[in-house]
Amino acid sequence: MLTFTPCLAVLAAVVAAQDAALATIEWRTGIAKVDNLIEQLTPEEKISLVHGSTSQDNQKQAGYVVAIPRLGIPAVRLSDGEAGVNVVNNATAIPMQLNIGASWSKSAAHASGYVDGTEGKILGEQVVLAPRVNILCDPVTGNFWQSFSEDPFLNERAARCPSSSGASHGAANDVNSIVDVQALQEIYWSAPGALLEAGAATLMCSYIAINGVQACQYQPLFDTVRNMYNSTAIIMSDWGATHSTEGSAVASLDWEMGSGVYFAQPLYDSIYVAKNLLETYINLKLAHILGKYNEFGLLDKPTLPIGEIPKDVKLAHAQIAYDMAVKSGVLLKKKGALPLSPSAKIAVIGPNGVQWSHGTNFAERAYGFTDRQISPLAALQQRTGTANIPFAVGVDQEGTLIRADHLRSLNGTNGLSRNDTAGGHYIDSQVNFSGTSAFPANLSFWWHGQIHADAAGLYTISFQRQIPSSAGKVDADYGNIFAIGTLSINGTQDAGGYRLFGDGGARPWSNAVTTRDGWDSIKATVYLEVGWHDIKATILGLLQQSISVRLCWVTPEQREANIQAAVDVAKSVDTPLVFAFANSPAQIAMTLDDGMDELISRVAAANPKTVAILQNSEPVTMPWLDTVPAVLEMMYPGQESSNAIADLLLGTHNPQGRLPVTYPTALNKSLTRDPAYPGRAATADGNATFSEGVNSGYRWYKYSDTPVLFPFGFGLSYTTFQYSALKDQGHGASSGGMQDPSRHAGWGQKHGIPLTKLTWPDCSSPVSSSSNPNSASNNDTVFSVHFTLTNTGAVSGVEVPQIYIGPPSNAATTYPGAQFAAIALVGFDNVELAPGKSVTVDIGVPRRQLSFYDVKTGEWVLARGTREVWVSKSAQNVVLSGPVTVTV
């Protein structure tokens, strides 16, 4: 019977949509200007405003909605902005959203929104599509960098602070997600709700199906937005995530992005020809759309002009980006190696140590200003005043040209066969064309043939191209190009060059690290036996400019020589600094990029003072962890990453980041990939069952008593902190005997220099409470947790005390059928203290975090009863604890 549940849900949704389609709905806003505009629009004009169109400018932003000049309605541009505005004209590459989550800093979250909003306006973008507030759960599918955290409370606290003109993705995964309603409300829709409470202008529904119904027509989602949160936000689909005309229209979808497959001619026909829908439905959409245009002062004004970031703004935002990057660094291990001694001789090892890394082979973010993108090696040289720091790449990302005698064309001669779109047929002894030998513009090329492996082993094959300039190019110059090139070995496409169409112009996104001369690298690492192997490669002509391209590889012999060279360098210094990275998703889940683990292991074996600096999005397993004394996790910290990393290593700043996700011990011990729960990742039938319910993320590891590598909220410091004198105070709670079960100590040597003080509005306070006591937006503080925090170390530092709560002791009898998490984050703070100083910390616990969503009544219910409260340094490191009884 359960097999038919999704089908029945779909059928019920279809029937409901048919019944509702001809119902009269009230669309008027009560704002005369908006209502009059809607009445003046022709049917064709109305349709043009509810779907994306192709822009006529050269910015290559994600989306565009046309203007109606005769009525003073401007065009609206929508840009990706999860880590800076992604258009042709460059913008500041701020740290990724995962880094903002790792800062556990509300000021950093607000700063990210400030930079996005300010630069978006300068660049002519009215809507910046950020923040994304998905719950992070599956380390295989990737894109952790695009969201804040695995925890709904940390997600919503970070989401409240960025610019309120952004869009939220309120989804669970890109499959049919089978999720119970309580988990949807408490886990997956919590942060989008916080955005709505903060005044978000837009909300985005995703590609997934929820319980058998596509998200962009899932009525409970829209009812939550419109009724529970009383929001008139514009709800748009993700690009291509609309799957119906009438079903989506009735549900309350306003914008179909990025084109008009369902909301252009089909919607016109449904309303004005077949009359399956009343016109009031499109009027209501326009009420939401034009209502927001009016609210943000867009009406009766021209479309925003397209500008460039002024020098003063660029420099100011670079400082903000640096501050955020510093705050996001997480010290995972320290045993004497950090901070670096001023007298220590260091070496920089690793590709993302000797070069700047933009993070991962995916865009939807700003590329950043290239004059700010120096390597960690260069940053350390500048910071230390030492020009001759030894270095080694260790794991070469580009290699050397493949010689003609290792290539075989289709007719058996040395070289590769090449065809082009002009009908040309050639044989290239080597693929190496640039300068005067570059290919002409407006052609695309593909190569076929074989490569010869002299020895069995891992080969890194790199198909490289010089990225042409986007400057001055218009939309038509791009064509409908998605991948800028491809590479396949033995019939399997091992690598694809990054997409271009609709994604902010042409930049070297295909690998986290470009070639040393700045070319894009479409890279594949494959195991080859001795002998000949098929190879195919394609390059698409871009932007009417000539094409420079080359085909290189790193052989097993070269690979070994590169790592050995790194080992030799490590032996010659006091402290080797090994930089390693992983793309997102990783080549192999929860594993650093190919060769990185081996590099760290062998360098550490040669020098026990090795420090590992990681740039990854999803958790990694670190098989070498016991052999190194220090690990600094930086994730993807943006254009100012190298200076931030250098200053954290040197102790100029004290690491203060905390992990926003759990690091499992292995993939098969992760929440979604544990073989004991095979349905949690998408199965062959396309379903993913969220059987963990409200015990998502770190809650699951606590509930199931599953050991982890590093717990949620974990992070070390160069100083130590002591917690004491715990008590609670509030109108709706009383405490029992508070206890001090454990204390945690670290160490440090050097005083830190304060970061730039950001003067953002205080977004740490809850948004004003709803008058509805059952509303999800009721954030009144029920009780506060007080304790004394003392810096017992030798340097200044920032501690992040975290408040967790357990389930009510009487939950099973008082609230039968309701779920309660084994542990849940309900509060946190950032506390900066000088050495020897103490402060009383007061963290309020809001009503919402003590409530559960009652699926029977559709209301939020405050859970009364006795609950355990933990003051912690992480989800698994409790320093103070005691019971509290909620009575209000």
Side-chain angles (χ1 to χ4, degrees), residues 329-338 340 344-355 357 359-360 375-377 380 389-397 458 460 512-513 525 554 556 558-584 586-636 641-642 645-646 648-649 655 659 663-667 709-710 716:
V330 182
L331 186 62
L332 294 179
K333 186 177 181 180
K334 64 172 183 66
K335 287 190 176 180
L338 291 178
L340 294 169
K345 184 179 180 181
I346 61 173
V348 173
I349 295 171
N352 54 318
V354 300
Q355 290 178 251
S357 170
T360 185
S375 68
L377 173 62
L380 285 163
I389 295 176
F391 67 91
V393 70
V395 179
D396 193 351
Q397 297 292 292
L458 287 170
T460 297
V513 178
T525 299
V554 179
Q558 289 174 303
R559 176 191 177 100
E560 171 58 29
N562 292 335
I563 293 179
Q564 186 57 50
V567 169
D568 293 340
V569 168
K571 291 178 179 178
S572 69
V573 299
D574 298 318
T575 307
L577 306 174
V578 183
F579 291 76
F581 72 90
N583 275 303
S584 179
Q587 288 177 322
I588 301 173
M590 290 184 59
T591 304
L592 293 169
D593 209 63
D594 176 69
M596 303 291 181
D597 283 328
E598 181 183 358
L599 176 66
I600 298 173
S601 295
R602 290 179 58 179
V603 169
N607 189 324
K609 294 183 179 180
T610 296
V611 175
I613 301 96
L614 306 182
Q615 291 180 264
N616 53 285
S617 172
E618 291 73 49
V620 292
T621 54
M622 308 183 206
W624 36 262
L625 182 61
D626 291 341
T627 68
V628 299
V631 181
L632 179 63
E633 174 63 84
M634 291 302 301
M635 290 151 284
Y636 300 151
S641 59
S642 296
I645 291 170
L648 288 170
L649 292 172
L659 288 179
Y663 274 41
T665 57
L667 181 62
L709 187 64
F710 293 106
L716 303 176

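Since the model is a prediction, treat every value here as computed from it, not as a measurement. Throughout, residue positions are numbered sequentially from 1 according to the sequence presented.
- Considering every non-hydrogen atom in both Ala589 and Leu667, the closest pair reads CB-CD2, 4.0 Å.
- Leu648 is listed as a side-chain neighbour of Leu632, based on a closest heavy-atom distance under 4.5 Å.
- Interatomic distance, Ile613 CD1 to Leu577 CG, rounded to the nearest 0.5 Å: 4.5 Å.
- Across Ala570 and Pro576, no two heavy atoms sit closer than the pair CB-CG, 3.7 Å.
- Heavy-atom minimum distance, Pro351 versus Gln397: CB-CG, 3.8 Å.
- Here the CE atom belonging to Met634 is positioned 11.5 Å from the CG atom belonging to Asn616, to the nearest 0.5 angstrom.
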Show the numbers, then the answer: is there a side chain to side chain contact (heavy atoms under 4.5 Å, CB included) between Asp396 and Arg559? CA-CA 7 Å; Asp396 193 351; Arg559 176 191 177 100; over 6 Å; no
Begin from the C-alpha positions of Thr525 and Thr460 and carry the test side chain to side chain donor-acceptor pair (under 3.5 Å) through to its verdict. CA-CA 4 Å; Thr525 299; Thr460 297; 3.2 Å; yes
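- Taking CD1 of Ile645 as the reference point, atom CG of Asn352 lies at 7.5 Å (rounded to 0.5 Å).
- Under 4.0 Å is where a charged nitrogen must lie from a carboxylate oxygen, and between Glu560 and Arg602 at least one such pair does.
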Test Leu649 against Leu338 for side chain to side chain contact (heavy atoms under 4.5 Å, CB included), laying out the working first. CA-CA 6 Å; Leu649 292 172; Leu338 291 178; 3.9 Å; yes
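- With contacts defined as side-chain heavy-atom distances shorter than 4.5 Å, the pair Ser357/Val513 qualifies.
- Counting heavy atoms from C-beta on, the side chains of Lys333 and Leu625 come closer than 4.5 Å.
- With values rounded to the nearest 0.5 angstrom, Gln558 atom CD is found 7.0 Å from Asn562 atom CG.
- Using a 4.5 Å heavy-atom threshold, the side chains of Phe579 and Leu599 count as separate.
- For the pair Val573 and Pro390, the minimum side-chain heavy-atom distance is below 4.5 Å.
- Using modelled atom types, no side-chain atom of Asp574 and backbone atom of Ala344 make a donor-acceptor pair closer than 3.5 Å.
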Show your reasoning for whether side chain to side chain contact (heavy atoms under 4.5 Å, CB included) applies to Trp624 and Asp626. CA-CA 6 Å; Trp624 36 262; Asp626 291 341; over 6 Å; no
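- Counting non-hydrogen atoms of other residues, nucleotides and ligands closer than 6.0 Å to CD1 of Ile588 gives a total of 12 or fewer.
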Evaluation steps, side chain to side chain contact (heavy atoms under 4.5 Å, CB included), between Phe710 and Glu633: CA-CA 12 Å; Phe710 293 106; Glu633 174 63 84; over 6 Å; no
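- For Asp597, the salt bridge (charged side-chain N to carboxylate O under 4.0 Å, His left out) test picks out no residue, with sequence neighbours left out.
- Note that CG of Asn607 is 7.0 Å distant from OG1 of Thr575, once rounded to the nearest 0.5 Å.
- Atom OG1 of Thr665 and atom CE of Met590 lie 7.0 Å apart (nearest 0.5 Å).
- Within the 4.5 Å cutoff, the side chain of Val611 has no heavy atoms near those of the Val578 side chain.
- Between Ile389 and Leu377 the shortest side-chain heavy-atom distance falls below 4.5 Å.
- Gln587 places a side-chain heavy atom less than 4.5 Å from the side chain of Asp593.
- Across every non-hydrogen atom of Ala646 and Leu380, the tightest pair is CB-CD2, 3.8 Å.
- Among all heavy-atom pairs drawn from Ser375 and Gly353, the shortest one is CB-O, 3.8 Å.
- Of all the heavy atoms in Gly394 and Ala566, the pair that sits closest is CA-CB, 4.0 Å.
- No more than 12 heavy atoms of other residues, nucleotides or ligands lie within 6.0 Å of CZ in Phe391, so this atom counts as exposed by the packing criterion.
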